[in-house]
There are 2 protein chains.
Amino acid sequence: MEEVPKHKENSTEELILKAAKLVFSRKGMAGARMQEIADEAGINKALLHYYFRSKENLFNAVFYDLLGNIQKKFLGILNSEMDLFSKIRNFFTGYTDFLQENSFLPGFIINELNQDPEKMINHFRDAGIKPPPKLILQIKEEVQKGNIIQIDPMQLLMNMLSLAIFPVLAAPLLKGILEAKEGDFDQLMEKRKRELPEWFINSIMKK
Amino acid sequence: MEEVPKHKENSTEELILKAAKLVFSRKGMAGARMQEIADEAGINKALLHYYFRSKENLFNAVFYDLLGNIQKKFLGILNSEMDLFSKIRNFFTGYTDFLQENSFLPGFIINELNQDPEKMINHFRDAGIKPPPKLILQIKEEVQKGNIIQIDPMQLLMNMLSLAIFPVLAAPLLKGILEAKEGDFDQLMEKRKRELPEWFINSIMKK
DNA sequence: GTCTATAGCCAGATAGAC
DNA sequence: GTCTATCTGGCTATAGAC
């Protein structure tokens with residue numbers, strides 16, 4: 001008797017998607033090799049074409065899946081009913097965790113963005129990813145109430161994204177340049193996760 | 001009679017380097033095509049191999065040149081004798097200008113960083129790029145003097161880099177998602193250039 | 001130095017047996 | 001569904017004429 005067969009866990013299709021996610025994220029669309037994906041999945045190259053007609057197709061399947069994750073994790077928080085400050089705290093900690101588990105993702109997106117901007121923008125549009133209206137509104141309100149400094153909501157959003165995403169994006173390089181021992185950099189990032197939200201909130205409070 | 005023939009301006013070699021810089025930065029190492037570089041330079045593909053033995057070679061030549069620019073523009077400011085606050089102001093405005101003129105550069109680096117982290121780190125090491133000691137020292141001093149808040153110099157540096165580089169990196173996507181008309185986004189970035197330094201300096205001042 | 005033509009390789013895709 | 005074997009196209013690199 002088998003374990004409860006949840007969904008189609010460990011089906012060949014799932015194996016392929018998992019392997020493809022890994023390889024595409026390491027190498028990008030142009031650099032990835034179908035053979036490498038097949039090897040990673042422990043199956044034959046021809047099977048990739050059996051399940052997904054072409055490389056392009058497989059790529060899109062992987063990418064669509066990843067965007068869904070962003071949509072849920074990221075916009076979920078920012079569009080919630082939470083008050084602004086809790087929201088900022090939740091964003092930084094939640095997003096940092098998410099990015100550490102998917103540290104390939106930002107590089108992957110930037111990579112493909114350079115290759116074919118239109119395609120990437122359309123993917124994002126299709127996934128319904130856009131500046132969260134609820135957050136924008138809250139910022140405007142808090143500015144008007146005089147609780148935070150005069151700041152353009154878009155600039156504030158860009159600052160949040162920059163501070164959260166860039167360090168993950170540049171992590172391998174920063175590790176190398178700082179000549180940090182393996183653990184040191186991870187520790188730096190842990191410290192960052194704790195201190196960044198409070199510093200950031202403080203930075204938009206009135207003196 | 002010709003114009004004063006400055007250096008080897010417009011020599012075939014210069015034409016190739018210029019074209020290669022363009023194509024490599026758009027497509028990355030894996031995505032770039034020697035044919036495309038040749039077309040861009042208005043010469044034949046075989047000439048590329050005549051001047052630079054291989055694609056790998058050409059790539060390294062281009063990249064070495066680009067790192068030199070970073071070294072001069074970026075570390076020049078941060079290692080100077082300027083006081084901390086002037087330095088921060090200069091960094092944001094100067095670096096933003098530099099990145100706008102070389103908007104491909106961050107994506108290029110992130111791209112190659114994902115393909116082959118070790119190679120990229122070595123390139124940076126060879127170019128002598130590392131956290132600027134003078135800046136680190138200044139931050140420590142100002143913290144000790146009680147002029148700015150208690151903050152780890154590395155975190156401060158990471159914040160500066162994040163805020164300056166990420167928006168350029170993600171610009172095409174942000175443009176698309178914000179559904180900004182062409183001029184709108186540029187205006188947003190202009191505004192950013194003016195407001196970011198003051199906001200950032202304010203964020204590290206004691207209340 | 002610059003070109004045309006082509007060799008040689010590699011990766012995506014397909015045919016067809018099981 | 002899964003495999004082996006193979007086709008096909010495209011890209012780097014080279015040979016060789018001018």
Side-chain angles (χ1 to χ4, degrees), chain A residues 2-3 5-65 108 111-112 114-116 119, chain B residues 2-3 5-65 108 111-112 114-116 119:
Chain A
E2 300 252 341
E3 300 286 306
K6 287 158 196 171
H7 303 285
K8 35 185 183 174
E9 211 58 48
N10 278 7
S11 69
T12 303
E13 190 168 338
E14 286 298 315
L15 277 177
I16 293 176
L17 278 173
K18 199 176 155 194
K21 190 172 154 181
L22 198 72
V23 175
F24 275 131
S25 60
R26 277 202 297 245
K27 305 293 179 67
M29 172 65 176
R33 295 291 161 250
M34 293 297 264
Q35 185 62 59
E36 193 179 347
I37 296 173
D39 290 348
E40 186 69 42
I43 54 149
N44 193 277
K45 206 172 53 146
L47 260 193
L48 298 180
H49 289 92
Y50 176 79
Y51 280 93
F52 304 83
R53 214 178 65 257
S54 67
K55 187 183 180 183
E56 174 88 13
N57 243 272
L58 179 55
F59 177 83
N60 285 338
V62 167
F63 192 64
Y64 188 79
D65 187 50
F108 182 60
N111 192 337
E112 299 313 317
N114 281 331
Q115 313 282 325
D116 192 342
K119 187 175 142 198
Chain B
E2 300 251 339
E3 300 285 306
K6 289 159 195 168
H7 304 283
K8 35 186 184 176
E9 211 58 48
N10 278 6
S11 68
T12 304
E13 189 169 339
E14 285 299 314
L15 277 177
I16 293 176
L17 278 173
K18 198 175 156 195
K21 190 171 154 179
L22 198 71
V23 175
F24 275 131
S25 59
R26 275 200 301 244
K27 304 292 178 66
M29 172 66 176
R33 296 291 157 250
M34 292 297 263
Q35 184 61 60
E36 194 179 348
I37 296 173
D39 291 348
E40 186 69 41
I43 55 149
N44 191 276
K45 208 173 46 147
L47 261 193
L48 298 181
H49 287 94
Y50 176 79
Y51 280 93
F52 304 83
R53 213 178 66 256
S54 67
K55 187 183 179 182
E56 174 85 14
N57 242 271
L58 180 54
F59 178 83
N60 286 336
V62 167
F63 192 64
Y64 188 78
D65 188 52
F108 182 60
N111 194 337
E112 299 311 319
N114 282 331
Q115 314 281 327
D116 192 341
K119 187 176 144 196

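Numbered from 1 within each chain, the chains take letters A, B, ... in sequence-line order.
- Summarising the geometry, the separation between CZ on A/Arg33 and C1' on C/dC10 is reported as 8 Å, rounded to the nearest angstrom.
- Comparing A/Leu47 and B/Gln35 by the nucleotide of DNA chain D that holds the closest heavy atom to each, the one mapping nearer the 5' end is A/Leu47.
- Counting heavy atoms from C-beta on, the side chains of B/Thr12 and B/Leu47 come closer than 4.5 Å.
- Not one side-chain nitrogen or oxygen of B/His49 sits closer than 4.0 Å to the OP1 or OP2 atom of D/dT14.
- One finds the CG atom of A/Asp116 at 12.5 Å from the CZ atom of B/Arg26 (value rounded to the nearest 0.5 Å).
- Nearest nucleotide to the B/Lys55 side chain, out of D/dT2, D/dA13, C/dC3: D/dA13.
- Taking atom CZ on A/Phe52 and atom C1' on C/dT14, their separation rounds to 18 Å, with Å as the unit.
- When atom types are taken as modelled, the side chain of A/Lys55 and the backbone of A/Met29 share a donor-acceptor pair closer than 3.5 angstrom.
- The distance between atom CG of A/Leu48 and atom P of C/dA11, rounded to the nearest whole Å, is 14 Å.
- Looking at heavy-atom distances under 4.0 Å, A/Ala32 makes contact with sugar-phosphate atoms alone, never a base.
- B/Lys45 places its NZ atom 7 Å from the C1' atom of D/dT12, with the value rounded to the nearest Å.
- Contacts of A/Tyr51 with the nucleic acid, taken as non-hydrogen atoms under 4.0 Å apart, involve only primed sugar atoms and P, OP1 or OP2.
- The distance between atom CG of A/Asn44 and atom C1' of D/dG1, rounded to the nearest whole Å, is 12 Å.
- If you take CG of A/Asp39 and C1' of D/dT2, they are 15 Å apart, rounded to a whole angstrom.
- Between D/dT2 and A/Thr12, a contact under 4.0 Å exists linking OP1 or OP2 to a side-chain N or O.
- For the pair A/Met29 CE and C/dA11 C1', the computed distance is 12 Å after rounding to whole Å.
- With D/dT12, D/dT4, D/dG1 as the choices, the nucleotide that has an atom nearest any side-chain atom of A/Ala46 turns out to be D/dT4.
- Put simply, CG on A/Leu15 is 14 Å from P on D/dG1, counting in whole angstrom units.
- Within the 4.0 Å cut-off from OP1 or OP2 of C/dG12, not a single side-chain nitrogen or oxygen of A/Ser54 is found.
- Atoms CG and CD1, from A/Leu15 and A/Ile37 in turn, are 13.0 Å apart once rounded to the nearest 0.5 Å.
- Pairs of residues two or more places apart, or lying in two chains, that qualify as ring pair (Phe, Tyr, Trp, His ring centres under 6.0 Å) and include a residue from residues 33-61 of chain B are B/Phe24-B/Phe59, B/Phe59-B/Phe108.
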